[in-house]
Amino acid sequence: MEFSFEYVDFLKGINNNIAIIQSLAYIGILILYIPYRFLISLFKQAPDGKMNILGLLYFSATWFLGAIIIGIMLYNDQATLKLFLVWAAIAFVNLIFILTNHSLLYKIYQTKVNYLGASPRGIKRNTP
């Protein structure tokens, strides 16, 4: 029985082309939010529901941290494969953080929404 080593070709392609990791770090993760949003609507979740808010938090945190780290490491002429592995580690750590702290994160979000939705002192809201 022979093993397939086609994944090595995939890694060689990443290592030879630095534009792949740059596009993945800077805009790729935000593009992945579009299918996630489609799945949210497919499963009939509320736009301000827990799944959408936590998904948006995951994608934005991964985009922000990944773009900063990749941008800094590009100036040091690191190998592209190392950059890819660092970005994958960032995405994995963010995912684990969101999954383990989902209740607290959503509670903080709800508190902030309620605080911002309350009328400021002395200003009355126009409600029909």
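Taken to the nearest 0.5 Å, the CD1 atom of I108 stands 11.0 Å off from the OG atom of S103. Residue T100 holds its OG1 atom at 9.5 Å from CG of L95, rounded to the nearest 0.5 Å.
W87 is listed as a side-chain neighbour of I70, based on a closest heavy-atom distance under 4.5 Å.
The hydrophobic cluster containing L85 does not contain I96, counting ILVMFWY residues as joined when their side-chain heavy atoms lie under 4.5 angstrom apart, directly or transitively. I72 and L65 end up in the same hydrophobic cluster when Ile, Leu, Val, Met, Phe, Trp and Tyr side chains are linked at under 4.5 Å. Taken together through direct or relayed side-chain contacts under 4.5 Å among Ile, Leu, Val, Met, Phe, Trp and Tyr, Y75 and I90 form parts of separate hydrophobic clusters.
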Criterion side chain to side chain contact (heavy atoms under 4.5 Å, CB included) on F64 and I68, from CA distance to verdict: CA-CA 6 Å; F64 184 71; I68 289 175; 3.4 Å; yes
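With sequence neighbours excluded, no residue forms a ring-ring contact (aromatic ring centres under 6.0 Å, His included) with Y58. For L105, the side-chain contact (heavy atoms from CB on, under 4.5 Å) partners are L54, L57, F97, I98, N101, not counting sequence neighbours.
The environment of OH in Y36 is crowded: more than 12 heavy-atom neighbours from other residues, nucleotides or ligands sit within 6.0 Å. Counting heavy-atom neighbours within 6.0 Å of Y26 OH, excluding the residue itself, gives a total above 12.
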